[in-house]
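Along the sequence shown, residues are numbered consecutively beginning with 1.
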Amino acid sequence: VSMVGSGMVFWRRKCSALYPLPLLIPFCALGAIIFFKFYTCGDSSHQLGSALQSSLDSGRELQSDRVGAPGDNATLPESEQPGDYYDEFPLVDVQGYDIAQVLHGDIARMKRTCSAMRECKGFNANGWLKSSVSNRVVLTTSLFVKISSHELFGRGLQGRWGERVKRLVREEQEMLVNLRVYIYDPPPALDLPGLKDYKYSVEFLFEKLLRESAMRVWDPSEADFLFVPVRCSSHRFQVRSRTEGQQRAERAVRDWVTHINLACPSCAARSLFADHVFMCAHDMGASCAASADPLFRKNAIALVNTAEYHDLFFVPHKDLAIPPNPGDGCPTCTQGNSQLPLFPDFHENSLAARTLLASFVGNMAHGLLRSEVQRLWGHDKDIVVVDGFLSTPEYHALLRRSRFCLVLRGHRGWSPRLCDALWAGCIPVIIADHYHLPLHELVDWTTFSVQVPEHRVSDLKHILTGISDSTYKAMQARLARVWQRFVWNDPPQPADAFHSLMTLLWRRRLLRRG
């Protein structure tokens, strides 16, 4: 406005005789349009303009492919300061998910703009900022993917830890670009709807995300892996009897293998099922393949919750333990449902708010261990043990009041309470011997959890009270770096549960034999 006003004064004094006022109006309008189009377009113009100005005013300089974070680790050399990393993928783009467009070819400025906007996950070379970078297609532009060290891995990303994270990030990006998965279409007799339950519906969600993913191909010869949607939980809960439900699931997997051998003989022959993948989130786990072809049972990769070393059907070097809780809830479930906010409390004063030493809520009749915990600690003033369920607000409040959240063996070693604890910023105390913890190849569980042998449950309070405040804060800081790896997002986001599981599957492509 001040520029236009000054121009009008100049015109009145110097140029009114040469350039009549009406001639200046179109030029003013054209200048205003060019100014706004140069910086922004779309519904997010004001926010994007603010982000641009913030990035320009900050005076930060880009170093190679990273954006430094103002105020963090200011005493460190620039090469060791944490920030946002950008990986470039030529001839790749994301269709849709547009936030706004930055109309100039300055990649450095687009990086600063994207880093200033929390919802921005990356941008393409045409200047479009993206709210998701998951569903990628082959196009003529380039895609720049933001890897936010603060959001995904916490503060203090430097040294060896920083190098490890960067290697993992690049491996995940390589997976997103190159991994190809074929999904078998189920025959009518096996095409049951996916089960929607807070404990087992990860089967339904995983298959949905995979079907909608850019990883999916329709020609099995192009695929690195072939996914068999066995839906064991759906077959199990067609009947009330646990034994009959197990038998139904086993027959379904056996029929699946027969169908594959008839419909695509070359699919099985190329690797003897070593590149086949199936998921069973129910307690039966990989044993749902007990009646199937022996080669399928031996070679196919099982994605399971029941990853236990005493399970004869679980093979640790081949099978994968999945993040167990999809968090989408159900009307009758209060533990583990979607109403638990995914914003763990990691601020400096969070320790003072956690006035309880430990807590557990669940059915204490499931397994011998839980009844022993109730006998020993059910009346302790510092440890809350609830036999049954709480309302959703009460359960969430209890998690946030507890320093430690007990994850106790029930009928099997795994429990959806593991994710409940992580999402609430509560250090999990895992009491389940021989449990192959989820994503252990990507995260170091010893740094943000306590693992107590079952035979030492009588020493539980002594063990927990022996953990100092400084050690607890360090464990919470490490938890802050990894908790998002246990969150199932739809659509998937970088370094979440879906991408973490697919990264581990990508590593197993080397097991395939032609």
Side-chain angles (χ1 to χ4, degrees), residues 183-212 226-263 273 276-294 296-297 300-308 311-314 319-338 362-363 365-367 389 410-416 419 488 490 501:
I183 305 175
Y184 286 106
D185 290 323
L190 299 174
D191 192 11
L192 296 183
L195 184 70
K196 295 184 179 181
D197 176 270
Y198 87 106
K199 290 191 294 184
Y200 308 126
S201 65
V202 66
E203 287 179 21
F204 170 80
L205 180 58
F206 177 80
E207 184 180 335
K208 175 182 182 292
L209 298 179
L210 192 59
R211 288 185 179 278
E212 297 173 354
L226 298 91
F227 180 72
V228 186
V230 299
R231 302 172 189 170
C232 72
S233 298
S234 298
H235 290 280
R236 156 64 186 91
F237 287 105
Q238 280 190 308
V239 293
R240 290 180 60 87
S241 168
R242 191 180 187 94
T243 301
E244 186 179 349
Q246 170 91 22
Q247 293 170 350
R248 283 177 177 254
E250 289 184 22
R251 285 197 299 270
V253 177
R254 182 188 62 202
D255 293 344
W256 256 113
V257 177
T258 301
H259 169 73
I260 292 170
N261 283 326
L262 293 175
F273 296 111
H276 282 58
V277 183
F278 69 96
M279 175 178 282
C280 182
H282 188 267
D283 285 358
M284 70 181 75
S287 71
C288 69
S291 302
D293 183 307
F296 183 89
R297 186 170 67 244
I301 299 172
L303 312 179
V304 296
N305 280 325
T306 51
E308 300 178 58
D311 186 334
L312 298 179
F313 296 92
F314 174 71
D319 301 331
L320 291 171
I322 60 180
N325 192 343
D328 60 350
C330 63
T332 59
C333 303
T334 53
Q335 264 69 276
N337 71 26
S338 59
N363 190 332
H366 287 180
F389 297 93
H411 291 309
R412 301 299 296 261
W414 77 281
S415 170
C419 286
W488 291 90
D490 186 5
L501 192 59

Separation of [Y] [atom2] from [X] [atom1] (nearest 0.5 Å):
| X | Y | atom1 | atom2 | answer |
| --- | --- | --- | --- | --- |
| S234 | F204 | OG | CZ | 9.5 Å |
| R297 | F273 | CZ | CZ | 12.0 Å |
| T306 | I322 | OG1 | CD1 | 9.0 Å |

Report yes or no: does [X] contribute a side-chain atom to a donor-acceptor pair with the main-chain N or O of [Y] at less than 3.5 Å?
| X | Y | value |
| --- | --- | --- |
| E250 | A290 | no |
| S291 | R251 | no |
| E308 | G413 | yes |
| R412 | S415 | no |

Does the C232 SG fall under 2.5 Å from that of C280?
->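 Yes - the two cysteines, C280 and C232, have SG atoms within less than 2.5 Å of each other.
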Flag for Q246-S287: side-chain donor and acceptor within less than 3.5 Å | yes
So which heavy atom on [X] is nearest to which on [Y], and how close?
| X | Y | answer |
| --- | --- | --- |
| W256 | P187 | CH2-CD, 4.0 Å |
| A300 | D319 | O-OD1, 3.7 Å |
| A292 | V253 | CB-CG1, 4.0 Å |
| S241 | R236 | O-NH1, 3.6 Å |
| P324 | W414 | CB-CE3, 3.5 Å |
| V202 | P323 | CG2-O, 4.2 Å |

Measuring only between side-chain heavy atoms, which start at C-beta, is [X] closer than 4.5 Å to [Y]?
| X | Y | answer |
| --- | --- | --- |
| D293 | N261 | yes |
| D283 | N305 | no |
| W488 | L501 | yes |
| M284 | F313 | no |
| F237 | Y200 | yes |
| C288 | H235 | no |
| E212 | D490 | yes |
| F206 | L303 | yes |

Given the options L190, V230, V228, Y184 meets side chain to side chain contact (heavy atoms under 4.5 Å, CB included) only with V228
Decide yes or no on salt bridge (charged side-chain N to carboxylate O under 4.0 Å, His left out) for R248 and E244, but give the supporting numbers first.
-> CA-CA 6 Å; R248 283 177 177 254; E244 186 179 349; 3.7 Å; yes
Trace of the side-chain contact (heavy atoms from CB on, under 4.5 Å) decision for Q238 with L192 = CA-CA 10 Å; Q238 280 190 308; L192 296 183; 3.6 Å; yes
Verdict with supporting geometry, F296 and F278, side-chain contact (heavy atoms from CB on, under 4.5 Å) = CA-CA 10 Å; F296 183 89; F278 69 96; 3.7 Å; yes
